Amino acid sequence: MVVAILALQGAFVEHEKMLDRLGVEYFEIRKKEDLKKEFDALILPGGESTVMGKLLSELELMEPLRERIQSGMPVFGTCAGMILLAEEIEGESPYMGTMHIRVKRNAYGRQLGSFYTEEKVKGIGIIPMTFIRAPYIERAMEKTEVLAKVNGRIIAAKQGTQLVTAFHPELDEDTGMHEYFLKMIKCHQPERSED
Ligand code: GLN
């Protein structure tokens, strides 16, 4: 299994460290040529969605990645990565728009945007959650499964092969969220061996 990590900006190195710990092969996507390499899944990290969105378009990565996600390649978007996948962004135009969620950026205000908590995620259990100028999901439309809420706000969800969190699981020690994603990838390709 090979996971591609979008490495244009933001917290991609932390995802790499997490995959190192889990013994998963990965490489970085920085330019169009990188898409020629084979990969089974994609991680869209946290950072600044406006910057990543602009670079994705300029580097001609947006359309090919969107197509692959739409045809079922597993994707994990954390924080800004979740914003990139959302079909609707409050007050702004969407980027990939592949996931039936409506998100609100910087949704907790400047002061409260960054905080730590622990909460239960469906199918995983209680895990640490670090939020940094975080968005939340205002609305999860049909086909989207809500996986976790904090203070009544949806902050983790899944729709088919797409997984999103408003927090940064790569910044804490717990590997639960990434393991959950790896299981999603394996379920998606049951015919392949685990090499
Ligand atoms: N505030 C950022 C945005 O709107 C997301 C923050 C993050 O990824 N930690 O893109």
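None of the values given here were measured: they were computed from a predicted structure. Counting convention: from 1, in listed order, for ligands and their atoms alike. The figures that follow rest on heavy atoms only: side chains count, while hydrogens, waters and symmetry mates do not.
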*Asks:* If two hydrophobic side chains count as joined below 4.5 Å and joins carry through other members, does Phe39 share a cluster with Leu61?
*Replies:* yes

*Asks:* For a quick check under 3.5 Å, do Thr98 and Glu87 share a side-chain donor-acceptor pair by atom type?
*Replies:* no

*Asks:* Suppose we measure from atom 7 (C) of ligand 1 to each protein heavy atom; which comes out shortest, and what is that distance?
*Replies:* Cys79 SG, 2.7 Å

*Asks:* For ligand 1, find out whether one of its N or O atoms is nearer than 3.5 Å to an N or O atom of Ser49.
*Replies:* yes

*Asks:* Within this structure, what is the CG-CG distance for the pair Leu44 and Leu163, rounded to the nearest 0.5 Å?
*Replies:* 11.0 Å

*Asks:* Is ligand 1 under 4.0 Å from a heavy atom in the side chain of Thr78, in the backbone, in both, or in neither?
*Replies:* neither

*Asks:* With atom 5 (C) of ligand 1 as the reference point, say which of Gly47, Ala134, Pro135, Gly46 has the nearest heavy atom.
*Replies:* Gly47

*Asks:* Tell me, do Pro94 and Glu88 make a side-chain contact under 4.5 Å, heavy atoms counted?
*Replies:* no

*Asks:* If the cut-off is 4.0 Å to any non-hydrogen atom of Ile132, which atoms of ligand 1 fall inside it?
*Replies:* 6 (C), 7 (C), 9 (N)

*Asks:* Under 4.0 Å between a Lys/Arg side-chain N and an Asp/Glu carboxylate O for Asp34 and Lys31?
*Replies:* yes

*Asks:* What residue and atom, counting heavy atoms only, is the protein's closest point to atom 9 (N) of ligand 1, and at what distance?
*Replies:* His168 NE2, 2.7 Å

*Asks:* Is a side-chain donor-acceptor pair under 3.5 Å present for Glu28 with Tyr26?
*Replies:* no

*Asks:* Report the part of Arg105 (side chain from C-beta onward, or backbone N, CA, C, O) that has a heavy atom under 4.0 Å from ligand 1; answer both or neither where that applies.
*Replies:* side chain

